[in-house]
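Remarks on the structure that follows.
A quick note: this is a predicted structure, and the numbers were derived from the prediction, not measured. What you see below is based on every heavy atom in this structure, not just the backbone, and it leaves out hydrogens, waters and symmetry mates.
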Amino acid sequence: MARERILVVDTDLDHLSRLYLALLHRKYRTEACNNPEEIQDRTKRFKPSLIILYDSEYEIIKDRLKIPAIVFGMEAPLKVNDGDTFLKKPIQIEQLLKKVEEILF
């Protein structure tokens, strides 16, 4: 089974590494980005099927986002686009992986 591409964006390197490694372990084609200013370029180059990012970055790009997103943050609820999901931080890895599966398959 071909695995989908996932772009993970977070300025917190520990959190970014944790999410990135969990997705790699599940054999997703994953790219990590710790600079939110690179989201547009990374999206064009990597062509992800899903993007996982912090709510402050999501607020900036949500009107231009053409792929599903999992958005994480400290406060809920966050208004998200149809098809996007909000998870409260700290994210539980099993919860994240379940949402990824629901969105992609």
Side-chain angles (χ1 to χ4, degrees):
M1 173 191 340
R3 287 298 188 168
E4 302 292 330
R5 295 172 184 251
I6 301 173
L7 176 62
V8 183
V9 182
D10 195 343
T11 56
D12 178 340
L13 292 178
D14 290 334
H15 194 250
L16 178 64
S17 297
R18 187 171 154 251
L19 299 179
Y20 176 77
L21 292 173
L23 292 164
L24 276 182
H25 182 71
R26 288 284 177 105
K27 308 241 187 286
Y28 287 106
R29 295 171 68 183
T30 307
E31 188 164 312
C33 175
N34 73 330
N35 183 352
E37 294 175 6
E38 296 178 7
I39 293 173
Q40 295 292 74
D41 290 338
R42 295 278 188 115
T43 301
K44 287 178 187 172
R45 183 180 48 77
F46 185 60
K47 297 180 179 29
S49 305
L50 174 67
I51 187 168
I52 300 171
L53 70 166
Y54 198 66
D55 60 0
S56 58
E57 284 84 30
Y58 179 77
E59 285 297 323
I60 295 167
I61 68 163
K62 74 178 182 179
D63 294 331
R64 298 183 310 259
L65 200 57
K66 306 232 187 291
I67 58 173
I70 295 177
V71 184
F72 54 90
M74 299 303 286
E75 296 180 22
L78 171 72
K79 178 141 175 55
V80 295
N81 294 336
D82 289 341
D84 294 344
T85 302
F86 178 82
L87 295 177
K88 188 169 176 152
K89 198 173 176 182
I91 295 175
Q92 301 299 316
I93 293 298
E94 287 306 315
Q95 179 187 24
L96 173 70
L97 295 172
K98 181 179 175 186
K99 288 295 178 186
V100 167
E101 293 286 325
E102 287 174 8
I103 291 169
L104 295 179
F105 301 106

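Across Arg18 and Gln92, no two heavy atoms sit closer than the pair NH2-CA, 4.3 Å. Contact detail for Arg29 and Phe46: the closest heavy-atom pair is O-CZ, 3.4 Å. In terms of heavy-atom proximity, Ser49 sits nearest to Pro68 at O-CD, 3.3 Å.
A cation-pi arrangement, defined by a distance under 6.0 Å to the six-membered ring centre and an angle within 45 degrees of its axis, is absent between Arg5 and Tyr28.
Remark: Glu57 CD to Cys33 SG distance equals 9.0 Å, nearest 0.5 Å. If you take CD on Glu75 and NZ on Lys88, they are separated by 7.5 Å, rounding to the nearest 0.5 Å. The distance from the CD1 atom of Ile6 to the CZ atom of Arg26 is 10.5 Å, given to the nearest 0.5 Å. From Lys79, atom NZ reaches atom CG of Asp55 across 15.0 Å, with rounding to the nearest 0.5 Å. Here NZ of Lys99 is found 13.5 Å from CD of Glu94. Values are rounded to the nearest 0.5 Å.
Among the candidates Val71, Thr30, Thr85, Leu96, the single residue satisfying the side chain to side chain contact (heavy atoms under 4.5 Å, CB included) test with Ile52 is Leu96. Partner of Thr43 under the side chain to side chain contact (heavy atoms under 4.5 Å, CB included) criterion, out of Leu7, Ile61, Val9: Leu7 alone. Test Leu23, Val100, Ile67, Val8 against Leu50 for side chain to side chain contact (heavy atoms under 4.5 Å, CB included) and you get one pass: Val100.
Tyr20 and Asp10 are not linked by any side-chain donor-acceptor pair at a separation below 3.5 angstrom, with hydrogens and angles left out of the test.
Residues Leu13 and Ile93 share a hydrophobic cluster, clusters being chains of Ile/Leu/Val/Met/Phe/Trp/Tyr side chains in contact below 4.5 Å. There is no path of hydrophobic side-chain contacts, each under 4.5 Å, that joins Leu24 to Leu97. At a threshold of 4.5 Å between side-chain heavy atoms, the hydrophobic network of Ile, Leu, Val, Met, Phe, Trp and Tyr places Leu104 and Leu87 in one connected group.
Remark: aromatic rings of Phe86 and Phe72 are distant, center separation not under 6.0 Å.
Salt-bridge check for Lys98 with Glu101: failed, with every basic side-chain N at 4.0 Å or more from each acidic carboxylate O. Using a 4.0 Å cut-off between charged nitrogen and carboxylate oxygen, Arg42 and Glu31 count as a salt-bridge pair.
Residues Tyr54 and His15 fail the side-chain proximity criterion, which asks for heavy atoms closer than 4.5 Å. Side-chain contact between His25 and Leu21 is absent, with no heavy-atom pair separated by less than 4.5 Å. Between Ile60 and Pro36 there is no side-chain heavy-atom pair separated by less than 4.5 Å.
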Checking Tyr58 against Leu65 for the side chain to side chain contact (heavy atoms under 4.5 Å, CB included) test, could you report, in this order, the C-alpha distance in whole Å, the side-chain angles of both residues, the deciding distance, and whether it holds? CA-CA 9 Å; Tyr58 179 77; Leu65 200 57; 3.9 Å; yes
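Around atom CD of Glu37, no more than 12 heavy atoms belonging to other residues, nucleotides or ligands sit under 6.0 Å away.
At least one donor-acceptor pair under 3.5 Å links the side chain of Asn81 to the backbone N or O of Lys62. Formation of a donor-acceptor pair under 3.5 Å by the Asp84 side chain with backbone atoms of Ala69 is found in this model. At distances below 3.5 Å, at least one donor-acceptor pair connects side-chain atoms of Lys47 with backbone N or O atoms of Lys44.
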